[in-house]
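One structure is given below, encoded as structure tokens.
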Amino acid sequence: MTFKSLLLSTALSLFLISFLFAQTTGELTVTVSTSSAGGNYSPKNIVAIWIEDDSGDFVKTLLAYAQNRKTHLNTWQASTTSAGSPYNTVDAITGATKSSHGTRTCYWDGTDITGALVADGSYKIRMELTDKNSTGNFTSFSFSKGEEPEAILPSNVPSFSSISINWVPESTNLSDLKYNGMFKVYPNPTMGNIVIEGMSFIELVVNNSKGELIYKGDSKLFSLT
């Protein structure tokens, strides 16, 4: 678990340390109602919902109701195959071909197929459905993963309606981080060198009690003097 910004006061030393991170934890909820793509197997259908980054690289499958006929979800197949893991469903909601249409809901915790938290930024929700032995309907919606919540209600498209995409970042305070043992700052108190262990960060800013800059950089070892 990492966070975009965090403030920490070192006890008795009257210095302020600010960490800047490029990742935010949270949960994305996707809800959609499905309908026929006009195939001969309707109302039976197979459907997949997954995440790609802004460059079009596969991140994680959120839902895949498809087993024997999954090869007809051509866009999902291509995305997962390009990532070196065809039909990957790590942590996804999975099941067999659906016998009817309905409302589907799935979730994303901001991680990729390896379990690593991905960087904040723009991502895409991809949805694909077919009810025939060939390509069906495919759609895509962009959203932002970051420390601000985002709620999107896209217009209906073929086979997908009543779409809701909601990103809710996780709020955390310093005591939560200490409890989880995610970082350590020592010695504390001190007026000399400080060492930081734990979470990675992209920038560290240290100011004294007057707001004067003492240090700015990406080192985990620095001096207050």
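Since we're looking at a predicted model, the values are computed, not measured. Heavy-atom basis, side chains included; hydrogens, waters and symmetry copies ignored.
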> Looking at the rings of Trp76 and Tyr87, which for Trp means the six-membered one, are their centres under 6.0 Å apart?
Replying inline: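 Yes, close enough.
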
Establish whether [X] and [Y] are linked, either directly or via other cluster members, by ILVMFWY side-chain heavy-atom contacts under 4.5 Å.
X: Ile163; Y: Ile51; answer: yes
X: Leu129; Y: Ile46; answer: no
X: Leu73; Y: Ile113; answer: yes
X: Leu63; Y: Phe58; answer: no

>> With side-chain contact (heavy atoms from CB on, under 4.5 Å) as the criterion, how do Ile93 and Leu62 come out once you've worked through the C-alpha distance, each side chain's angles and the decisive distance to 0.1 Å?
In response: CA-CA 6 Å; Ile93 297 171; Leu62 308 187; over 6 Å; no

> So, for Trp167 and Glu148, which heavy atoms are closest and what is the spacing to 0.1 Å?
Replying inline: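 So the two residues come closest at CD1-O, 3.4 Å.
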
>> To check you understand the geometry: which heavy-atom pair defines the closest contact between Lys124 and Ser142, and what is its length?
In response: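 That closest heavy-atom pairing would be CG-OG, 3.9 Å.
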
>> Check for me whether Lys132 meets the cation-pi criterion with Tyr41, that is, NZ or CZ under 6.0 Å from the six-membered ring centre and within 45 degrees of the ring axis.
In response: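 Judged by the rule, Lys132 and Tyr41 form no cation-pi pair.
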
If you define the side chain from C-beta out and look only at heavy atoms, does anything of [X] sit under 4.5 Å from [Y]?
X: Asn40; Y: Asn133; value: no
X: Arg104; Y: Lys98; value: yes
X: Ile165; Y: Leu28; value: yes

Quick one: list whatever passes side-chain contact (heavy atoms from CB on, under 4.5 Å) with [X], sequence neighbours left out.
X: Asp91; answer: Lys60
X: Ser36; answer: Ser42, His101, Asp131
X: Thr29; answer: Glu27, Thr31, Thr105, Tyr107
X: Thr75; answer: Trp50, Glu128, Phe138

> Trp108 and side-chain contact (heavy atoms from CB on, under 4.5 Å): which partner among Val118, Ile49, Thr61, Val30?
Replying inline: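 Only one option passes, and that is Val118.
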
> Atom OG1 of Thr80 and atom CD of Glu52: how far apart are they, to the nearest 0.5 Å?
Replying inline: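 Taking OG1 in Thr80 and CD in Glu52, the distance rounds to 9.5 Å.
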
> To the nearest 0.5 Å, how far apart are OG in Ser122 and CZ in Phe143?
Replying inline: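 Answer rounded to 0.5 Å: 8.0 Å.
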
>> Thr114: which residues meet the side chain to side chain donor-acceptor pair (under 3.5 Å) condition with it, sequence neighbours left out?
In response: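 Side chain to side chain donor-acceptor pair (under 3.5 Å) check on Thr114 returns Asp112.
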
>> Give me each pair satisfying side chain to side chain donor-acceptor pair (under 3.5 Å) with a member in residues 150-162, each pair once, sequence neighbours excluded.
In response: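 For residues 150-162: Asn137-Ser159.
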
> Do Leu221 and Asn193 pass the side-chain contact (heavy atoms from CB on, under 4.5 Å) test, and can you show the C-alpha distance, the side-chain angles, and the key distance before you say yes or no?
Replying inline: CA-CA 7 Å; Leu221 171 63; Asn193 291 334; 4.3 Å; yes

